[in-house]
Structures are given as structure tokens and as C-alpha cells.
Amino acid sequence: MYTTIDLRKQMGEILDRTRIAGEPAAITRKGKTLAYLVPADWFEHYQQLTQPEAAEPGPVPPAAADDSADAA
């Protein structure tokens with residue numbers, strides 16, 4: 001756990017520790033956790049889990065095509 005003052009004074013060291021140890025670091029202010037600093041691979045993995053790849057549009061089913069023609 002690091003305070004925001006620690007983060008300002010030791011940013012490079014804290015980043016290296018987080019990356020090398022592969023563990024998150026809590027950043028606190030006045031005893032309350034504000035954020036977590038996590039290794040990049042953790043965040044990238046999280047993004048893959050929470051943001052599914054955009055599906056490529058496929059052919060429009062005939063019923064849907066008829067509906068869009070009626071709306072025009």
C-alpha cells in the first residue's frame with residue numbers, strides 16, 4: 001500500500017515493483033484506497049474479458065430486410 005505522497009516521490013520504483021512482483025499496489029489518501037496500480041498484463045487480460053471483440057456484421061436475414069424497407 002502506498003500513499004499518494006509515496007507515489008509522487010517514488011513513481012519509478014513503485015512501477016518497477018508492481019511490474020516485477022506482478023502484484024497490484026493500492027494507492028491511498030487519508031487512509032482510503034483511491035486506486036490500484038496493476039501490471040499491464042493484468043489490465044490487458046481484464047480488457048479482453050470485459051470487451052468482447054466487435055462482431056463482424058453478417059448477412060441481413062430476409063425478415064429484417066423486409067422490416068427496414070417498410071420503415072422507409
Side-chain angles (χ1 to χ4, degrees):
M1 187 176 336
Y2 299 96
T3 66
T4 54
I5 293 170
D6 295 334
L7 188 61
R8 282 186 221 139
K9 291 180 179 180
Q10 305 170 22
M11 174 70 86
E13 184 178 333
I14 294 169
L15 287 171
D16 286 343
R17 285 183 189 173
T18 300
R19 181 182 56 85
I20 292 167
E23 297 177 357
I27 309 301
T28 64
R29 179 184 291 152
K30 297 180 182 178
K32 294 184 180 181
T33 302
L34 298 177
Y36 288 94
L37 181 63
V38 297
D41 57 339
W42 282 33
F43 182 74
E44 290 163 0
H45 180 72
Y46 171 79
Q47 280 188 314
Q48 290 174 355
L49 294 175
T50 60
Q51 297 177 359
E53 294 181 38
E56 292 186 28
V60 178
D66 292 342
D67 291 343
S68 63
D70 292 340

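Distance OG1/T28 to OH/Y36: 10.0 Å, rounded to 0.5 Å. Separation of atoms CZ (R8) and OG1 (T3) is listed at 8.0 Å; rounding is to 0.5 Å.
Residues D41 and H45 are not in side-chain contact: their nearest non-hydrogen atoms beyond the backbone lie 4.5 Å or more apart. Counting only heavy atoms from C-beta outward, the side chains of T4 and L34 approach each other to under 4.5 Å. Counting heavy atoms from C-beta outward, L37 and L15 have side chains that approach closer than 4.5 Å.
Of all the heavy atoms in P39 and P24, the pair that sits closest is CD-N, 4.4 Å. Looking at every heavy atom in both residues, I27 comes nearest to L7 through CG2-CD2, 4.0 Å.
The environment of I5 atom CD1 is sparse: at most 12 non-hydrogen atoms of other residues, nucleotides or ligands sit within 6.0 angstrom.
Residue Y2 forms a side chain to side chain donor-acceptor pair (under 3.5 Å) with just one option from K9, R17, E13, Q10, and that option is R17.
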- Query: Does the side-chain contact (heavy atoms from CB on, under 4.5 Å) test come out yes or no for V38 and T18, once each step is laid out?
  - Reply: CA-CA 7 Å; V38 297; T18 300; 5.5 Å; no
